[in-house]
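Along the sequence shown, residues carry numbers from 1. Because only heavy atoms are used, hydrogens play no part in the values below, and waters and symmetry mates are left out as well, while side chains stay in.
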Amino acid sequence: MHNPDIILGPVITEKSMAEKEKGVYTFKVAKNATKTQIKSEIENHFGVKVSNVNTLNTKAKDRRVGRYTGKTKTYKKAIVTLKEGSTIEL
């Protein structure tokens, strides 16, 4: 897998912005990316030191528009903890 294909983008929510104060950042990543690949890509792309990477696969949620129902897309999320003194500008 090529490195640009690993990180798809940041997850911007109220919870992720509150965690940013503690040095914890959330990214949407490729489904087949491993923790070591995510760690090396974050360190190379942003020039920071990563101390921990947690990953999870989101579940599809039911959504409804009028009488039509469907499901949201699933994706893999990586929660990255940086070492002290490191920050990322999103």
Pair up each side-chain donor or acceptor in residues 6-24 with any protein partner under 3.5 Å, not counting sequence neighbours, and list the distances.
from: Thr13; atom 1: OG1; to: Ser16; atom 2: N; distance (Å): 3.2
from: Thr13; atom 1: OG1; to: Ser16; atom 2: OG; distance (Å): 3.2
from: Ser16; atom 1: OG; to: Val11; atom 2: O; distance (Å): 2.8
from: Ser16; atom 1: OG; to: Thr13; atom 2: N; distance (Å): 2.9
from: Ser16; atom 1: OG; to: Thr13; atom 2: O; distance (Å): 3.1

*Without swapping roles, check the side chain of Arg63 against the backbone of Val65 for a donor-acceptor pair under 3.5 Å.*
no

_Thr34 backbone acceptor or donor facing Gln37 side chain under 3.5 Å_ = yes

Show me the donor-acceptor pairs within less than 3.5 Å that the side chains of residues 74-90 make with the rest of the protein, sequence neighbours left out.
from: Thr74; atom 1: OG1; to: Lys31; atom 2: NZ; distance (Å): 2.8
from: Lys76; atom 1: NZ; to: Ala33; atom 2: O; distance (Å): 2.7

*Yes or no on side chain to side chain contact (heavy atoms under 4.5 Å, CB included) for Thr55 and Val29, after CA distance, side-chain angles and deciding distance?*
CA-CA 9 Å; Thr55 60; Val29 295; 5.5 Å; no

*If a pair satisfies ring-ring contact (aromatic ring centres under 6.0 Å, His included) and one of its residues is in residues 33-66, list it, with sequence neighbours excluded.*
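Non-adjacent pairs meeting ring-ring contact (aromatic ring centres under 6.0 Å, His included): Phe27-Phe46.
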
